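Let me begin by presenting the structure, written as structure tokens, before commenting on it.
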Amino acid sequence: MSVLDWTISVEDVLLKRRLILKGVFEAEYVDAPNARCKAVEPIEVKIVVVAARDGIAVGGYVRTTIEHPCDRCLKPVLLPINGTIEALYKPVSEMPTSEEEELKSLRNVLYYDSDRIDLTDRIIEAIVVEVPMKVLCSESCKGLCPHCGADLNEEKEHKCTHEDVDPRWKKLFLVKQNLTKEG
């Protein structure tokens, strides 16, 4: 697959009625909501752009594998990505004038105000949407010790001797200690 410029000419789409873009999206990293993820495979993209009756329809897919840290132990996790691209572009002159009109349609409608449309954000969006809310290396991941940072998956019998008491709770902690000594 070849590396492409992911901007399209509105005039080309309207004249040709249909364009197919297929190639590799160049990005070393993708910023997901909770982490910066490294693309460990080429980001393969196929986009079909069609001049439709109600605007310029864009559809396609994004395929790659990214490396995301485990949300508990921070080990790298490989995530296969099979994202979908869907959008309808309309000229900014057709933008709804009221919020009510805009809420009537739940479609992914975007507005353009120049003679070119950049599809880069749609590609990144298709990747980011595929990243789960919580990424785990395994369902049984125990994470890191909150005191010393030891990996609890590797140190099965970890016993951290460090007991920090939040200064705001110190007096309550002392009361608890006195009660256990007396009782």
Side-chain angles (χ1 to χ4, degrees), residues 1-7 21-48 58-88 102-103 105-110 118-183:
M1 287 191 158
S2 60
V3 176
L4 294 176
D5 173 22
W6 297 99
T7 59
L21 305 170
K22 190 173 182 177
V24 174
F25 178 73
E26 277 204 29
E28 194 173 333
Y29 292 93
V30 176
D31 290 324
N34 297 324
R36 178 166 244 209
C37 302
K38 182 178 181 177
V40 293
E41 289 181 3
I43 302 171
E44 298 176 11
V45 180
K46 181 178 181 183
I47 299 176
V48 178
V58 175
Y61 67 80
V62 176
R63 290 195 173 74
T64 190
T65 300
I66 62 172
E67 188 178 86
H68 190 292
C70 173
D71 285 334
R72 291 185 186 156
C73 70
L74 302 177
K75 285 183 182 167
V77 178
L78 295 179
L79 294 175
I81 300 293
N82 292 306
T84 303
I85 297 171
E86 280 184 10
L88 179 68
E102 194 172 339
L103 292 175
S105 171
L106 295 176
R107 293 168 55 182
N108 191 4
V109 179
L110 302 158
D118 188 353
L119 301 174
T120 302
D121 287 343
R122 302 297 70 73
I123 296 168
I124 294 169
E125 179 182 90
I127 296 170
V128 170
V129 167
E130 289 293 306
V131 176
M133 292 291 283
K134 186 166 217 71
V135 176
L136 300 176
C137 59
S138 74
E139 286 296 318
S140 61
C141 178
K142 294 181 176 138
L144 303 175
C145 174
H147 299 290
C148 68
D151 187 342
L152 301 177
N153 299 306
E154 293 174 6
E155 295 182 32
K156 305 278 186 218
E157 303 299 319
H158 178 73
K159 298 232 186 309
C160 198
T161 57
H162 183 63
E163 278 195 43
D164 257 354
V165 177
D166 186 323
R168 296 171 291 180
W169 297 99
K170 189 162 185 142
K171 287 183 182 180
L172 189 58
F173 180 73
L174 293 172
V175 170
K176 180 184 171 192
Q177 279 185 324
N178 288 337
L179 288 173
T180 44
K181 285 179 189 174
E182 292 172 5

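The structure presented is a predicted model; accordingly, all values stated were derived computationally and were not measured.
- In terms of the side chain to side chain donor-acceptor pair (under 3.5 Å) criterion, E67 has no residue partners (sequence neighbours excluded).
- Side-chain atoms of N153 come within 3.5 Å of backbone atoms of K142 as a donor-acceptor pair (strictly under, hydrogens ignored).
- Distance OG1/T65 to CG/N82: 8.5 Å, rounded to 0.5 Å.
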All N/O donor-acceptor pairs, side-chain side in residues 68-78, below 3.5 Å, sequence neighbours left out:
from, atom 1, to, atom 2, distance (Å)
D71, OD2, V135, N, 2.8
R72, NH1, E139, O, 3.4
R72, NH1, C141, O, 3.0
K75, NZ, D151, OD2, 3.4
K75, NZ, E154, OE2, 3.3

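- K156 NZ: more than 12 foreign heavy atoms inside a 6.0 Å radius.
- Among all heavy-atom pairs drawn from V24 and W6, the shortest one is O-NE1, 3.8 Å.
- Scanning both residues, A126 and V62, for their nearest heavy atoms gives CB-CG2, 3.8 Å.
- In this structure, the separation between CD1 on I47 and CZ on F25 is 9.5 Å, given to the nearest 0.5 Å.
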When the side chains of residues 27-36 are checked against the rest of the protein, which donor-acceptor pairs come out under 3.5 Å, sequence neighbours left out?
from, atom 1, to, atom 2, distance (Å)
D31, OD1, R36, NE, 2.9

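- Applying the side-chain hydrogen bond (donor to acceptor under 3.5 Å, both in side chains) definition to pairs two or more places apart or across chains, those involving residues 121-130 are Y89-R122.
- Contact check for I85 versus L119: no side-chain heavy atoms found under the 4.5 Å cut-off.
- Residue I43 holds its CD1 atom at 4.0 Å from CD1 of I127, rounded to the nearest 0.5 Å.
- Atom OG1 in T64 sits 12.0 Å away from atom CD1 in I123 (nearest 0.5 Å).
- Note: N108 CG to L88 CG = 8.5 Å, rounded to the nearest 0.5 Å.
- Summarising the geometry, atom NE2 belonging to H158 is positioned 3.5 Å from atom SG belonging to C148; distances are rounded to the nearest 0.5 Å.
- When the side chain to side chain contact (heavy atoms under 4.5 Å, CB included) test is applied to T84, the partners found at least two apart in sequence or on another chain are E86.
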